[in-house]
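First up is the structure itself, then whatever we jot down about it.
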Amino acid sequence: APAAPQAAAPAPAEGQQAQEAEATAPAAKLKIGLVTDVGRVNDRSFNQSAWEGVVQAAQQLGLEENVDYKYIETQDAKDYADNIQQFIDAGYQVIVTVGFALGEATIAAAKENPDIYFIGVDQFQGETLPNLVGLIFHEDQSGFLAGALAAHLTKTGTIAAVLGTDLVPPVVAFKEGYEAGARYVKPDINIISTYHPGELSQAFTDPEWGAATARQALDQGADVIFGAGGQTGNGALQEVATAAEAGQEVYCIGVDTDQWETLPAAHACLVSSAMKLITPSVVDLIMQVHNGTFQGGNYYGPVDLAPFHDFEDKIPQEVKDDLARIKAGLEDGSISTGYGQ
Amino acid sequence: MEQLNRTPVLEARHITKLFPGVVANEDVNLQLYPGEILALLGENGAGKSTLMNILYGLYRPTEGEIWVNGRPVTLSSPKDAIALGIGMVHQHFQLVPVMTVAENVMLGSESVRGGFLDVEAVARRIRELSDRYGLAVDPYALVEDLPVGVRQRVEIVKTLYRNADILILDEPTAVLTPQEIEGLFQVMDLLRAQGKSIIFITHKLKEVLRVADRIVVLRNGRVVGETDPGQATQASLAAMMVGREVILTVQKEEARPGPVVLDVVGLSAQDDTGAPAVRDVSFQVHAGEILGVAGVQGNGQTELVEVLTGLRRAMAGRVTIAGQEMTNATPRRITAEGQSSHVPEDRHAYGMVDTYPVAHNLVLNTYYRPPFARGWTINEQAIREHATRLVAEYDVRTASILAPAGSLSGGNQQKMVVAREFSRPIRLLIAAQPTRGIDVGSIEFIHQQIVAKRDQGVAVLLVSAELDEILALSDRIAVMYRGEIVAILPRQEATREQLGLLMAGVRPEELQHASRAAQGIPVREGEPSEAE
Amino acid sequence: MGRTGQFWKTSSIISMAFALFLVVMAILVNTTSLNQQVWLRVLFGVSALNFTLRASVPLILGALSGILCERSGIINIGIEGMMLAGAFAAFVAKVATNSWPLPASLAVGVATALLVGGLMGLLHALLSIRFRMDQIISGTVIIILAAGFSAYLFDRSAVAEGKFGPVRIPLLADIPVLGSVLFENPPITYLALLLVVVIHVALFHTRWGLRTRAVGEHPRAADTVGINVNRYRYVNTVLGGMLAGLAGGFLVLEAVGQFQEGMTAGRGFISLAAMIFGNWNPFGALGAATLFGYTQALQNELLLAGVTQVPRQFISMLPYVVTIVAVSGFVGRVRPPAAEGKVYETEGSSE
Amino acid sequence: MNIPVWRRLGRAILIPVLALLTALAIGALVMAIFGDDPVRAYQGLFSGAFGNGRAWSTTIRKMTPLILTGLSVAVAFKAGLFNIGASGQFIIGTICSVAVGIHFEGLPAFVHLPLAIAAGIAGGTLWGALPGLLKVYTGAHEVIVTIMLNYVASLFAGWTVYAGGTQGQQPGPLWDPTAGAISETPDVLASAQIPWIVGPPYRVHWGVVLALLVAVVMWWLIYRTTVGFELRTVGQNARAARYAGMRVNGMIILAMALAGALAGLAGTIETLGLNHKFAPEFSGAVGFDGITVALLGQTHPLGVVLSAFMLGALDAGAARMQFESGVAADIIQVIQALVLAFVAAPTLIRTLYRVRRAPDEVETTTLTTGWAGR
Ligand SMILES: Nc1ncnc2c1ncn2[C@@H]1O[C@H](COP(=O)(O)OP(=O)(O)OP(=O)(O)O)[C@@H](O)[C@H]1O
Ligand SMILES: Nc1ncnc2c1ncn2[C@@H]1O[C@H](COP(=O)(O)OP(=O)(O)OP(=O)(O)O)[C@@H](O)[C@H]1O
Ligand SMILES: [Mg+2]
Ligand SMILES: [Mg+2]
C-alpha cells in the first residue's frame, strides 16, 4: 500500500474538510452515507443489516438522521457510481456500499477520493487501498454450521436448501458450506438443493418460488430446509413453518441475521440461522473511522449460528456440544469447509 | 291514395340527423302503412341507412319525432324498437360468424331454462319459422360456414323470432343471386299477406318495380319524391335519385378481340378449409374482349380470382399472361410484369387501407415505381399530384386527398379503387363484383370505364354475381358451378334463363330440354334482357 | 378462416390427454416399484404434481381474468398489474386485521384483493372505453401504476400473520396419490379449479356468456339486438380484474403469507401466454397453465435431483422453450375474439 | 394541410406538456397524502435531472438506451406487432458485443469497435427475427414467443458469464477468470469501447449521438421509403398489403429483425459505452421501459426521442429526489404511468383543460388491432 492513510488523530476527515475550506459542516460530526444494492434498505436482509449498523454507530456518535446520515436505494445496477457520487458531492466522510456488485464502483470512488472512507460490504479487496475496507465473511463456515445442525436434526436422512442464486458468491459459499457441514456429520446424508432458476433481478424477490420449492423438498422427504436468498429464502422458511404448524416435524434454518427477529412468521420451524454479523461489523468499522484506527484491506466479520430460541430445549446437549466443537475447529483451521480452495 | 286514411304503423316526422360535418337527414317525413312494402331509394350516402338506424333506435335523431301506431315514442336503443315490434335486417350482416344460427337468432332475446340457455327451444322455434315462411336454415350450423344467401335468411328469421311486425330491410339483395332474390321476394309477399309492413332499400331499380307498393326517394338527406311502381320506370327512378338522366343500358360497340392475353389451363385450387374449390378450369381471355364469369356466389369464383391474382396457390394447372408463365407468381409479379389490374371483391378487406389517406391508397400497388419512388425514397409530391388528378378524373368525392379513405362513402371508396386499378397501363383487368352495393350513378360510371378499357385493347375478366351486369358487359360468358366452368357461351347465344339454369347446376347437354320444360320458352332467344 | 369449433377440440384433447397421462403415470410411479427409477420420480413424483398445481393456480386465475376481458373485446395485458395490486391489497388488509380471528382476517384479505382487482379492472375499462385509450397502453399504465404504487406504499416492516392452510376433502383425499395432490389444498386452489368449470359453463351456456362472446366478436351485431355493448365490457373487465386480484390474493394469503414488491414476477405475462395458448377457452387455459406449471416443476425436480450434467441455466429454460415449441408446433394459429381492442361507439350505448 | 409548422408542432406538444404537468400535480397530491414533501421532492427531482452538468449527463445517459428500445417497440407496432421482447434482445445484444469486445487484442479501434457494435446488432437481430420467423412459418404468436425469449435470453446470458464451481458446472465462456467467484465478463478492451464525449465523472459517450442518428434514420425509413410504406401497410391492413403485392411475411420478419437490431444496439451501446462489461445485475429492464417510451412517443421516432428524454430525466432525478427529500423513488413510476395515461387518452386532458380539438386531428392512436390483427 502506498501512502499511509491519514490515520492521525480522531476525526481524520475533519482535517481534510478544513483544507478544502468547506467550513459549513459542523466540526466534529461524521457524515455517513449508505448505498444499497438494487433493492430496499429495509429488505430484512443484508441491506437492512448494514443500514442498522450505520444507525447504531450514528446513535453512538450522536448523529441526526437525514442530516448526518442517510441512505440511497439503488434502482438500477448502472447507477452505483452515481449514487456514491451523490454522497461525495454532499461532503460525506464515510460511505458504506452494500453488496459485491458495488465493488468496482466503490474501488473507483475510493481511488478518486482518498480523503473519504469507504466500507464495502461483501466486497473482497484484491488490492489494499488505505481508505477502503471490504467487509467480508466466511459464509461457508456459517453454512457449515447450519449443515451440521441440519444433519443432526434430520430424521428422514434428507435435508434441503432453497437458495437465491449462484450468480452471487456469498450464496454459493453458504450452500457449499451447508453441504460440507452436513456431510461432515453424516457422510451418507441426502441433500437436495436448488438455486432460483430466474434472472438475478428476481432471484432474491420471489418468495412464492421459494415457498413452492420448499414444499417440493418436503414432499421429497426433506425435514430440514435451509432458506438462503432474501425474500426467496424467506418464502421457503414460511412454507416450512406452515408444515410445522400443521403438525409435521420439520425444521428450517434462516440466513444472514438471526431471522427469529426479522421473520416471526417462521417461528414454528426456525431452529437457527446461519449468521454473518454485518451490523456489529459495520458499527465497528465506523467507530474505527471515528477513532482513527481505520485500516484498508479486508475485514473479516464474525459468523455464527443464531440462538435456538424456542428450540433451545429441543436440541440435545450432544448436538450443542458437537456444534461448539465444530465451530472451534473451523476457527482454528482444524476443520475445513473445502470451499474456495 | 287509399293508405292516407289509415294510421301509419311507423312514421318519421321532421327527422334531421347531423353528423359532425354531415347532414345525413334533413327534415324527413316518412310513413309506413300496415301491410305495405315501401321501397326507399337513393344514391350512396343519401341517408337511407341513417334514417333506418334512427327508426330502429341505433341513432338518436338530432330533431324530429318517431311515431309508432299513432303514438310518439322515444327509442333510446334497439331494445325499445324491438319491443315495439320493429325488426331490422342491416346493410351489413349483423351475425356473429363463430356462433351457431340458433345462438345468433336468440342473441338479446335468449330463451333460458334453469339459468342455462335453452338451445333446443330456440331451434324448435326456428324450424317452425322456417317452415312457415319457407326460410330453410339449420339452427345448429355455424354462421361462418353458411353461404351469404342463407345468412340473409338467418337475418330475417332473427327479426321474425322477435315477432316483428315492421321489418326494415336495408339492401338485403346486394349479395344475393337472382334465384335467392326471387325467394326473398316471395317471403316478402308472404309477410305482407300476413299484415306485416316492410321498408325495403335497394340500388336495383328492377327489384323496386317488382316488389314495392310505394317508392320514396332520398337525395342528400331529403325526401325528393314519392311514386309507385305503376307510374315509375327504371329511368324515371334513376333520374329522381341522381337528379339527372342516367343511361341504364351500357353503350358498347362490337368487340374486336385480339391475341390471347390470359390463358388458363387445367387450373385447380382449394379453399381455406382445404376443400377443392376450383376444379380443372381452362379458358382464355383475348385482348379487347370481356369474359364474364357468372355463377352463384361460393362456386369457386372467389378462389379462381385469388389464384389468378397470386393471392392463393394453384394446386394444379397453368396460368399464362401475355405469354409469360404466371402460375403461382406473386401478386407483385402479376401486376408488374403481367401488367394486370385487380378490382377485388371485398374492397374493405383487400382493396384499401382505411386509415391511409386517399392519396396513399391510390398508389397502394405502384408506390415503389417512378415517379412515386426514387430508388428507396417515396416522392410525396408525385403521389399527391397523382391523387389530385385521379380524384378529379374519376369523380371520387372526398373532403381532401389526405382524408382517410375509411371516411369515404362506399361508392366513393369503390371509385377510388377503380381509379387506382384503371389508371395505369394494363393488358389484363380482373374485376370481381365491381359494383356491389353501389348506386346507379356510380355503376354507370364504372361500367363505362370497364368498356373503355376493353376498347383500348385490354383483356377483361369480369366476375359478378349480378346476372344483369354480366349480360350487359360481357362479350363471352363463362358459367361456374361447383368449381368447374360448365359452359362458355358467346353473349349473343346466352339468355338469362339459360344462364340461370347453368348456374343452378343443370348440365349443358340437358339444357335445351330442361329450359323448355322449366320456362316454356324457346332457348335461342338472344335478346338482351335488361330491356325488359 | 378460423374453425373455432375444431380448434377447441384440439386444444381440449391435448390438455385432457396431457392431464390423463400425468395422472396415470403418477399413480403408477407412486404406488409401484417404478418409484425406484430416479427419472420416473422426477417426472411423475407427487412433489412434481403438487408443485405443478401450485404454480398453475395464479396462472389459471390470470388466464381466466384475461379470458373474461378479452371475450368481451377488451384486451388485457395489464393482468400482471392487477395481480400485483390484488396481492398488495390482500396484504394490507391482512395486516390491518391481524388481530382478528384468522379465518375472518383472511376473508377480509380475499375480499380486498377482489375489490382492488375489480377497481383496477374498472380503471382499465374506464380508460379504454370512456376515454378511448388504446387498450394496450391502458394495460401498460395499469402495470406501471400497480408496480409504482405498491412499492411506494409498501410498509416493509409490516408482517401478515397466518395464511390459508390446506383443507382436506373427506373421502376424496384418501384416493392414493391423486387424493393428496388434488383434494388436500387450500381454498383458493379449489376455487380456481372450480372457476374454470364455472366460467366455461357460464361462457358457453348462459345468457351472460352468449352476450359476452357476441360483444367481443361482433359488437355491432350485439348492439342491433339491444345489448348494451359497453355495459357488458365494463362488467367483464371488472370481473376479470377481480380474478386477477384473486390471483394476487392467492400469492399473499395462500402461497407465501407475505407481500413482496414485484412478487408476481411475470406471472401475469405467463397468464397471458396461457390464455392465448388456450385459445381463450377456460379449459384450454387450464391445460396451458398446467403445462407451464409442470415444466416449472420439472425444472426444479431435475435440479433438486441433480440427475443431469446440463448446465442449470439450460434446465431452467425448460418451461420457456417448451412453451415456444408448443405454440409453434401444436397450436399454430389461434383465433382471438374478432373485435378485440377496438373501441365500440354508438349513440345507443355510449352517450 | 396548410397549417403552419409551428402551430402543428405546438398542437402536438400541448397535450403532452399538459399531461406531464397534471401527472406531476397528482404525484404531488399522492405524496402529500402519504406524508411526503412534494416540493422538496420535485426540487430534488429537477436538480437531479437538470440541476448541473452531472445531472444533465445522467439524464442523457439514461435517455440513450431508452431511445433505442423505444424505437424497437415502435417499429414493431408499425408493422402491427407487439414486441415485448426488447429486454431479451437487449441482453443478447450485450452478450454478443461483449464477446467481441473482450477478444481480438491488438485490433485497431476503428476495426474493433465497429466489429463489436455489428456483433451486438447481429445478435439482437437474430433474437428479434426468431419470433418473426416463428410467426410466419408456424403461426406462433409473437407476444408469447417474445415473453418466453426474454427469460431464455437472460438465462443464456447468465450462463455465459457464470463463474461455475457448484455442482460441478464449468464456468461460462465469457466469464472473467480474474473475478474470482464473481460471475461477470472482463472489461471490453479499450479498442472496443465507445469513446467518451465527456469522461468521468460525467460519463457521456458518443452512443447518445449514435442513438439520435438511428432515430432519424428510423424516421426516414418508416415514413420516407418504400420499405417503410410497405411495413406500415402490413401493420394497418395485412390483407390489403398482400393484395397490393407487398411481402407480408417478409415485413413481419423484417420488422421483428429491425426491432431486435435496435434493442440489441441499445444493449451494445450501453455496454461498450458505459458498463464496459456484462454482469447479471445489468438486466434488460430498459427493454420493458421501451414499451412505455414507444407508447408515450405514439410510436413516432421523434416522439420516441422526446419521451425517452422525459423518462430519462425522471429516472435521472430519482436518486437525487430520494437523497434530498427521502421520498421513495417509486413515486416516479406512478408519475410515469400517469403521464402515459394522460398522453394516451387526450380526451381526459381536453375535458380537464377544455382544450378544443382541431377538426383534422385524429384522436386515438391504434397500435395493434388485437392479438392477431391479420
Ligand atoms: N356514424 C356516422 N358518422 C358520421 N357520418 C356518417 C355516419 N354514418 C353515416 N354518415 C354519413 O351520413 C351520410 C348518409 O349515410 P348513409 O349510410 O345513411 O347513406 P346510405 O344512403 O345508406 O348510403 P348507401 O347507399 O351507401 O348505403 C353519408 O354522408 C355518410 O358519410
Ligand atoms: N364514424 C364515421 N365517421 C365518418 N363516416 C362514417 C362513419 N361511420 C360510417 N361512416 C360513413 O357512413 C357510410 C355508411 O356506412 P355503412 O356502414 O352503411 O357503409 P357503406 O358506405 O354503405 O359501405 P358499403 O357500400 O361498402 O357497404 C360509410 O360509407 C362511411 O362513409
Ligand atoms: Mg346504407
Ligand atoms: Mg353501401
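In this text the structure is predicted, and so the values were computed from the model without any measurement.
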| request: Determine whether C/R220 and B/H92 make a side-chain contact, defined as any pair of heavy atoms from C-beta on separated by less than 4.5 Å. | output: no
| query | Between B/Y56 and chain C, which part of the residue has a heavy atom less than 4.5 Å away: side chain, backbone, both or neither? | reply | side chain
| message | Please find the pair of heavy atoms, one from C/G226 and one from B/I82, that lie closest to each other, and give the distance. | response | N-CD1, 4.3 Å
| Judged by atom type as modelled, is there a donor-acceptor pair below 3.5 Å linking the side chain of C/R211 to the main-chain atoms of B/G108? | yes
| task | Mind running side-chain contact (heavy atoms from CB on, under 4.5 Å) on C/V225 and B/R162 for me, showing each step along the way? | result | CA-CA 10 Å; C/V225 292; B/R162 288 164 174 71; 3.5 Å; yes
| said: So which residue, B/L95, B/N53, B/L117, B/D271, ends up with the most heavy-atom pairs under 4.5 Å with chain C? | reply: B/L117
| Just how far is it from atom CH2 of C/W208 to atom CD of B/E110, taken to the nearest 0.5 Å? | 13.0 Å
| Got B/V119 and C/H205 here, is their nearest side-chain heavy-atom distance under 4.5 Å? | no
| message | At a 4.5 Å cut-off on heavy atoms, which part of B/S109 comes close to chain C: side chain, backbone, both, or neither? | response | backbone
| request: Could you tell me which non-hydrogen atom of B/V96 sits nearest to which non-hydrogen atom of C/A221, and how far apart they are? | output: CG2-CB, 4.4 Å
| Is C/E217 close to B/V98 at the side-chain level, that is, under 4.5 Å between some pair of heavy atoms? | yes
| message | Run the side-chain contact (heavy atoms from CB on, under 4.5 Å) test on B/M88 and C/T224 for me, step by step, so that the C-alpha distance in whole Å, both residues' side-chain angles and the decisive distance to 0.1 Å come before the verdict. | response | CA-CA 8 Å; B/M88 179 162 170; C/T224 58; over 6 Å; no
| message | Between C/I227 and B/K79, is there a side-chain heavy-atom distance shorter than 4.5 Å? | response | no
| What distance do B/N104 atom CG and C/H218 atom NE2 have between them, rounded to the nearest 0.5 Å? | 8.5 Å
| request: Verify side-chain contact (heavy atoms from CB on, under 4.5 Å) between C/R213 and B/E103, making sure each step is shown before the conclusion. | output: CA-CA 11 Å; C/R213 285 182 293 135; B/E103 286 178 317; 3.0 Å; yes
